Every structure is written in C-alpha cells, then in structure tokens.
Amino acid sequence: MLSAESATIVRATLPVIGASLDAITARFYETMFSERPELLDGLFNRGNQANGEQRRALAGSIASFAAMLLDHPDERPDALLARIAHKHTAVGVTDDQYVIVHKYLFGAIAQVLGEAVTAEVAAAWDEVYWLMAGALIALEARIYAEAGACDGDTWQRWRVVARRDETPDTVSFLLRPAGDAPVPPARPGQYVSVRVRMPDGVHQLRQYTLSNAGEDGLRRITVKRVDGDPAGEMSTLLHATVRPGDELTLSAPFGDVTLEDGDAPLLLVSAGIGCTPMVAMLDHLVTTGSRRRVLVLHADRSPAEHALREDMLRPAAERIFWYESGAAAPDREGLMNLDGIEIPDGAVAYLCGPVPFMRDVRAQLIRAGVAARDIHYEVFGPDLWLGAN
C-alpha cells in the first residue's frame, strides 16, 4: 500500500512524529477551531476536546495506522478503519472534511517540528494520510449507503413516549419516530448519535447505545448523568430536562461491534453503564429464540446503582454480578474476578465498560482460554484503545 520510498522515510521518522503527536494534534485542533469555529457546532464534541480524549484518540489512530502499514505492507488494517468509520458516520462526516483536516493537520506538523519536516518527509506522511483518508471515505460511503443516507444526512426526529428512572443517576427514554420516513434497521450492539442544541445555542452530539430496538419501531436509549466532566454536559442535560412528549434528533444506528449469528457460547461482559449493548444483545437472543449458551458477567458499584438490572435477569442466560458494596448471594462482592468461573470452550466475548476494566478482563479471558480474535469491545466516546490490543 505504501510506496517503498515513503515507507523508508516513515519508518525513520515515526519515532519523532509519534513522540510529537500529542503536541501536533493539540495545535491542529486549536488552529482549526480558531479558524473554523462552525465545526464545533454539531460535529465535534467540545467535551471530548476539553478533556483531551479526542486529541489522544486521533494521535493514537494515526500512529497505529502508520505502524500497521510498515509491519504489514500487504494488508489493510480493516478493524482499525472500521471502528473509525462508524464513529465518523455517526456524526455525519463527509468527504470534503478530510481536505479541511489535511490542511490543518499538516500545518500543525510543520509548526511543531519546524525544519525537520523536509519536502520528502511531508510527502511521505501525506501519502500515509491519504491512504488512511481514502480507505475511510470508501468505508463510510458504504456504511452511509447501507443506512440509506445521502451526504452524511442520517438524522431523524424521534418523540419521547416514556421515561423510566433506572437508578438515581440513570434514565431510559423510549422513543418513537416523529415522522413517516423509513426507519433504518438496527443491529444489537449499535449506537445512535443524539443531536441537541445546548443552552448557549451550540449543537452538540453524543452517542448512546440502543439498549432496545424492537420490531415495533420503538427504540430505547439509556443515559447516565455525568457530573463534573465536560464530556458529560449533554448526558446531564438530557437527564435533567427531557420528558415524555419532547422530541430528539437521532442519527441512524452505527457501530461495528454487533452480535453475530452463530452457535458459539456467548460471554456478555460489562461494567456500569456498559451494560447497555449487552441488554440489547440479550433482548435479541430472547426475541429470536436463540438456544446459545449465554453467560452474563457484570460489575457495578451496588445493586441500587446497577442500571437495567432487571433486563439482565433474563431466564435465557446464566449470570454473575459483582458489586463493590451491597452484594447478597448469589451476587459476589468486589471487582470482577474470573478465577474459578467456568468459561465455555470456544466462547465469543463482548466487552463494554471503562477501558481499564476491559483491559483487565480481556487479560483474564485470554488466560482462561478465550481466543484474542473472539474478544470484541465497545468504547463510549473516542476510542483510546485503538491499535493497543
């Protein structure tokens, strides 16, 4: 994929570029938003900008893509690209925006590294960028086509028909289409973007897993209030203000971590609000009459803080819950520990929760004999784990 000449230069400069990526992406976003502030209105999440997650995710994806091109020159890193493409389509990224990003990203590289960026170095990394961008544009076009979207416009209005308090800080909204437009299908595990005008007039986006997507056209999202974190401003606003009868703007469903059909035993592993895709998968298994063996493993602070607990108590699944406090038999106390848990042979695992939790449990699953290729994970927000596993 990468020309021999560029590969040589990228290999030689990757350590320097990689070490400077945090500074480069910080300068990139600072300059781009200064000159193009409209991009913060309905495209980029300003909370993820404030806490640095978007910057770190971009830096990690660029470094991972370049390293994969060098280590496996005859392969395209589709797993890496698919994760990014689904995140992009969920917010409506379009082809022309890759030109904008290129302008400001390469301007930032030149500003941060100065004379080290010769014409040859710039050309080699330009090739890396457009290989990545071209692959993403093609993937995103296919994803948009599957959603029946044109130019990234997948947005529809939905009416809140019910609100259910799950815990003191978590609420579910049951939604029905507000119009007559066809509703794109949803696969268990996918998420939608919700677009809201904030009190200061700026539109913001946030992704929420569909915790239920019934054949009757109704969909459910489950929202956890997040206090004290800029990235949680929209969730907190929804939690505080949305009531039955209100309308929300939702994207089509996206996400590449979805339940695949098959006969292999399933491990649905989650912590906290990471239970939402697992509940959707459980609901699908029950609805379709699946006979697969299902083991649900969930960790939370306490039973009272376990959102959607009743939804996880499906008779079609075996389950073990861990609570840091308030555990009562048959639940377990403390953090999730798989020692002594019978993990079925040939199991396929789906993980969702905080990244440190997933790193720890993934290692435990591998030690228990689950193949790394059969462990799938979902991250809420920018994926800081891309290329790390």
Side-chain angles (χ1 to χ4, degrees), residues 1-33 35-36 39 43-44 48-49 52-89 91 93-143 256 379 382-389:
M1 295 174 67
L2 190 62
S3 67
E5 295 83 0
S6 292
T8 300
I9 295 172
V10 170
R11 189 180 301 278
T13 56
L14 181 56
V16 174
I17 296 285
S20 304
L21 271 174
D22 191 62
I24 290 169
T25 53
R27 181 68 60 86
F28 157 69
Y29 282 118
E30 178 185 359
T31 306
M32 183 173 69
F33 291 141
E35 297 185 10
R36 302 291 299 265
L39 295 175
L43 184 62
F44 287 92
N48 293 331
Q49 297 298 322
E53 287 188 0
Q54 186 67 59
R55 182 180 75 247
R56 293 192 296 274
L58 174 62
S61 64
I62 293 172
S64 295
F65 183 78
M68 290 176 183
L69 289 180
L70 298 175
D71 295 340
H72 305 283
D74 298 324
E75 301 176 16
R76 193 175 73 174
D78 283 342
L80 174 77
L81 294 169
R83 178 57 57 94
I84 299 170
H86 277 273
K87 297 288 186 182
H88 282 181
T89 50
V91 300
V93 167
T94 54
D95 299 1
D96 59 300
Q97 289 163 349
Y98 284 95
V99 178
I100 297 172
V101 168
H102 177 271
K103 170 186 174 181
Y104 290 104
L105 180 61
F106 277 75
I109 291 173
Q111 292 173 27
V112 171
L113 297 181
E115 295 180 357
V117 185
T118 64
E120 292 77 14
V121 169
W125 281 93
D126 188 73
E127 187 176 343
V128 171
Y129 177 85
W130 285 112
L131 280 171
M132 188 173 185
L136 287 171
I137 288 169
L139 281 171
E140 288 158 18
R142 187 180 71 196
I143 295 169
D256 61 325
V379 172
D383 190 346
L384 301 180
W385 204 7
L386 274 174
N389 59 352

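Remember, it's a predicted structure, so these values are computed and weren't measured experimentally.
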Before giving the answer on side chain to side chain contact (heavy atoms under 4.5 Å, CB included), spell out for Val128 and Val10 the whole-Å C-alpha distance, their side-chain angles and the decisive distance to 0.1 Å. CA-CA 8 Å; Val128 171; Val10 170; 3.8 Å; yes
Starting from the C-alpha separation in whole Å, work towards a yes-or-no answer on side chain to side chain contact (heavy atoms under 4.5 Å, CB included) for Phe28 and Leu58. CA-CA 11 Å; Phe28 157 69; Leu58 174 62; 3.6 Å; yes
Should Leu81 and Phe65 be marked as a side chain to side chain contact (heavy atoms under 4.5 Å, CB included) after you check the CA-CA gap, both sets of side-chain angles, and the distance that decides it? CA-CA 9 Å; Leu81 294 169; Phe65 183 78; 4.0 Å; yes
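A distance of 3.5 Å separates CD1 in Ile143 from NE2 in His86, rounded to the nearest 0.5 Å. Taking CZ of Arg55 as the reference point, atom OH of Tyr29 lies at 9.5 Å (rounded to 0.5 Å). Atom-to-atom distance recorded for Asp96:CG and Ile100:CD1 is 5.5 Å, nearest 0.5 angstrom. Put simply, OH on Tyr104 and CD on Glu35 are 4.0 Å apart, with the number rounded to the nearest 0.5 Å. If you take CD1 on Ile84 and CD1 on Ile62, they are separated by 9.0 Å, rounding to the nearest 0.5 Å. Interatomic distance, CG of Asp256 versus NZ of Lys87, reported as 8.5 Å (0.5 Å rounding).
For His72, the ring-ring contact (aromatic ring centres under 6.0 Å, His included) test picks out no residue, with sequence neighbours left out. Residues passing the side-chain contact (heavy atoms from CB on, under 4.5 Å) test with Ala63, sequence neighbours excluded: Leu21. Listed by chain and number, the residues in a side-chain contact (heavy atoms from CB on, under 4.5 Å) with Ala7 are Leu2, Leu70 (sequence neighbours excluded). Among residues two or more places apart in sequence or in another chain, the side-chain contact (heavy atoms from CB on, under 4.5 Å) test is passed with Thr13 by Ile9, Ile17, Val121, Trp125.
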Name the atoms and distances for all side-chain donor-acceptor pairs under 3.5 Å in residues 133-140, with sequence neighbours left out.
unit_1 : atom_1 : unit_2 : atom_2 : d
Glu140 : OE1    : Tyr98  : OH     : 3.0
Glu140 : OE2    : His88  : ND1    : 2.9
Glu140 : OE2    : Tyr98  : OH     : 2.7

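Heavy-atom minimum distance, Val117 versus Ala110: CG2-CA, 4.3 Å. What you find for Leu113 and Ser20 is that their closest heavy atoms are CD2-OG, 3.5 Å. Across all their heavy atoms, Met68 and Pro77 have their closest contact at SD-CB, 3.2 Å. When every heavy atom of Leu14 is checked against every heavy atom of Ala66, the shortest pair comes out as CD1-CB, 4.2 Å. Taking all atoms of both residues into account, the shortest heavy-atom contact from Phe33 to Leu39 is CE2-CB, 4.0 Å. In this structure, Ala124 and Ser6 approach most closely via the heavy-atom pair CA-OG, 3.6 Å.
Counting only residues at least two apart or in different chains, salt bridge (Lys or Arg N to Asp or Glu O under 4.0 Å) contacts with residues 104-132 are absent.
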